[in-house]
Amino acid sequence: MLFGISLTVWIVMLVCAVIAVLYVLIVDKKEGKRAEKRKYLAILMCIAIAVLATVLSKQQAYVGAPMIGLIVSILIVNIVPEGKMSKEFKSGTVFAGKRYLSLGIVFLGATLAFSDLFSAVYALPLVLFNMALAFAVSYLVGRKVLHVSGNTCALVGSGTCVCGGTAIATISPIVKAKEEETAYAMTAIFLFDLLACFMYPYLAIRLGYTPTQFGFLAGTAVNDTSSVVAAQETYAGLMGLEGYALPATIKVVRTAMIIVLALIFSVISIRNEARSAARSDGQHANIGKIMWKALPKFILAFVAMIAVNTILRGNIADTYFYQSLFKPLFTNGYKFFVTIALSGVGFKIKFKELFTKGLKPIALGGCTWLALFLSSLTFASLFAEKMLG
């Protein structure tokens with residue numbers, strides 16, 4: 001253990017760093033771009049920030065590495081004078097923010113299985129209702145009241161109803177969100193997720209909730225997986241429970257719903273591109289080519305990885321080969337790539353813009369968070385015990 005991180009995780013970060021460097025070199029060569037030292041320096045800086053963020057995330061249980069990476073890069077870009085960051089350096093941070101995000105989502109696919117959708121069937125009705133509620137509130141309030149972009153509504157809704165920053169990172173490249181939209185959505189989800197993580201255990205005790213009732217509340221209304229586990233452990237400690245894991249079990253179902261969201265938004269993206277091309281090209285538009293061009297290619301790899309993991313799960317190959325060799329790479333690797341990407345995204349955000357343009361997305365995040373809190377609180381109070389009674 002070094003800085004609270006196991007040797008396995010250090011090796012995974014090293015492997016991912018090598019993959020990241022090779023990836024940019026290969027892409028630049030393929031696209032015929034000349035080598036730019038400052039661009040590569042920016043990518044190395046994003047990798048270094050990701051390592052620092054991973055270390056800091058292991059020192060506490062409330063803020064994950066991707067959010068820490070975003071915060072660190074925002075601080076750097078606001079401290080360093082504008083003229084000190086060249087055009088080439090900024091192109092490196094943009095590359096990191098877009099390309100490594102997609103790479104991280106492919107790795108995420110290897111940690112999921114289609115069977116996860118049914119791992120806690122008793123929670124599905126509430127999970128599905130909350131998903132519909134989150135998007136309804138996000139689009140109604142976001143578009144009609146706050147007048148934010150459709151992408152911001154999609155990102156905030158996804159982050160609230162599924163799994164926080166991971167959902168935002170997954171949906172962002174599919175809807176072709178701007179770096180600012182991604183950063184504002186991440187900030188909104190982070191702030192209210194932190195509030196929920198600290199508040200729910202004490203609220204549940206105040207309300208006299210049973211472990212089953214708290215499991216439904218925390219499992220369906222806290223966003224990020226690490227925050228769910230932190231709230232779970234806080235409640236278990238306060239109640240003197242041993243081996244309590246219901247919130248995390250329910251959270252698995254919500255996390256698996258990212259598969260559904262990714263496919264839905266991919267279809268919507270393809271349909272929009274096809275309509276746009278049809279309007280511009282008329283009868284000469286080749287719909288098949290348009291749909292293939294519009295399809296986010298990393299989604300194919302994402303789904304393929306899920307399919308492979310689903311087939312392998314429970315087999316001998318899974319037990320003796322995948323679990324010991326590849327699962328640590330994918331489980332830790334996807335978080336590391338997403339952290340590199342968000343470190344790059346942070347270099348686009350100025351404090352002035354965060355506290356002006358960022359206020360509406362944060363307000364939207366508060367509205368969707370409140371809606372899901374009330375929904376899960378009502379369900380936990382009235383139906384939770386009956387579901388598992």
* To do: Go through the steps to decide whether F347 and F89 satisfy the test ring pair (Phe, Tyr, Trp, His ring centres under 6.0 Å), and finish with yes or no.
  => CA-CA 10 Å; F347 280 99; F89 184 93; 5.8 Å; yes

* Asked: Does the pair Y100 and F95 meet the rule for a ring pair (Phe, Tyr, Trp, His ring centres under 6.0 Å), with working shown?
  -> CA-CA 8 Å; Y100 297 139; F95 184 96; 5.6 Å; yes

* With side-chain hydrogen bond (donor to acceptor under 3.5 Å, both in side chains) as the test, would you mind laying out the steps for T234 and Y202 before giving the verdict? => CA-CA 9 Å; T234 300; Y202 297 97; 6.0 Å; no

* May I have the step-by-step check of side-chain hydrogen bond (donor to acceptor under 3.5 Å, both in side chains) for S172 and T182, ending in yes or no? => CA-CA 7 Å; S172 180; T182 302; 2.7 Å; yes

* Intermediate values then yes/no, side-chain hydrogen bond (donor to acceptor under 3.5 Å, both in side chains), S376 and N130 -> CA-CA 8 Å; S376 296; N130 278 355; 3.1 Å; yes

* Stepwise, does the ring pair (Phe, Tyr, Trp, His ring centres under 6.0 Å) test hold for Y235 with F214? -> CA-CA 8 Å; Y235 178 80; F214 178 75; 4.2 Å; yes

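Remark: Y122 OH is packed, more than 12 non-hydrogen atoms of other residues, nucleotides or ligands lying under 6.0 Å away. Around atom NZ of K350, more than 12 heavy atoms belonging to other residues, nucleotides or ligands sit under 6.0 Å away. Surrounding NZ of K335 are at most 12 heavy atoms belonging to other residues, nucleotides or ligands under 6.0 Å away.
A chain of hydrophobic side-chain contacts below 4.5 Å, direct or via other Ile, Leu, Val, Met, Phe, Trp or Tyr residues, connects W10 to F337.
Among all heavy-atom pairs drawn from I49 and S73, the shortest one is CD1-CB, 4.3 Å. Counting all heavy atoms, side chain and backbone alike, S381 lies closest to Q213 at O-NE2, 3.7 Å. For the residue pair A218 and R254, the shortest heavy atom distance occurs at O-NH1, 4.4 Å. Residues A169 and P173 approach most closely at O-CD, 3.0 Å, considering heavy atoms. In plain terms, the two heavy atoms of S138 and L364 that are nearest each other are O-CD1, 3.6 Å. In this structure, L128 and M257 approach most closely via the heavy-atom pair CD2-CE, 3.7 Å.
Salt-bridge check for E31 with R99: passed, with a basic side-chain N closer than 4.0 Å to an acidic carboxylate O.
Ring pair F383/F379: centre-to-centre distance below 6.0 Å.
The structure places OG1 of T368 at 5.5 Å from CD1 of I189, a figure rounded to the nearest 0.5 Å. The line from CD1 of I264 to CD1 of I174 is 10.5 Å long, rounded to the nearest 0.5 Å. One finds the CD1 atom of I105 at 3.0 Å from the OG1 atom of T170 (value rounded to the nearest 0.5 Å). Here the straight-line distance linking atom OG of S158 with atom CZ of F135 works out to 3.5 Å at 0.5 Å rounding. Atoms OH and CG, from Y184 and L359 in turn, are 9.5 Å apart once rounded to the nearest 0.5 Å.
When only modelled atom types and interatomic distance are considered, S149 and E181 share a side-chain donor-acceptor pair under 3.5 Å. Side-chain contact, T111 with T331: no donor N or O sits under 3.5 Å from an acceptor N or O. Remark: the D116 side chain and the T255 side chain contain no N/O donor-acceptor pair separated by less than 3.5 Å.
The aromatic rings of W369 and Y200 lie parallel to each other, with less than 30° between the two planes, well short of the 60° mark. The aromatic rings of F107 and F330 stand perpendicular to each other, their planes meeting at an angle above 60°, with 30° marking the opposite boundary.
With sequence neighbours left out, S227 forms a side chain to side chain donor-acceptor pair (under 3.5 Å) with D193.
Side-chain atoms of N223 do not come within 3.5 Å of backbone N or O of V228 as any donor-acceptor pair.
For residues 21-30, the pairs satisfying salt bridge (charged side-chain N to carboxylate O under 4.0 Å, His left out) are D28-K39, with sequence neighbours left out.
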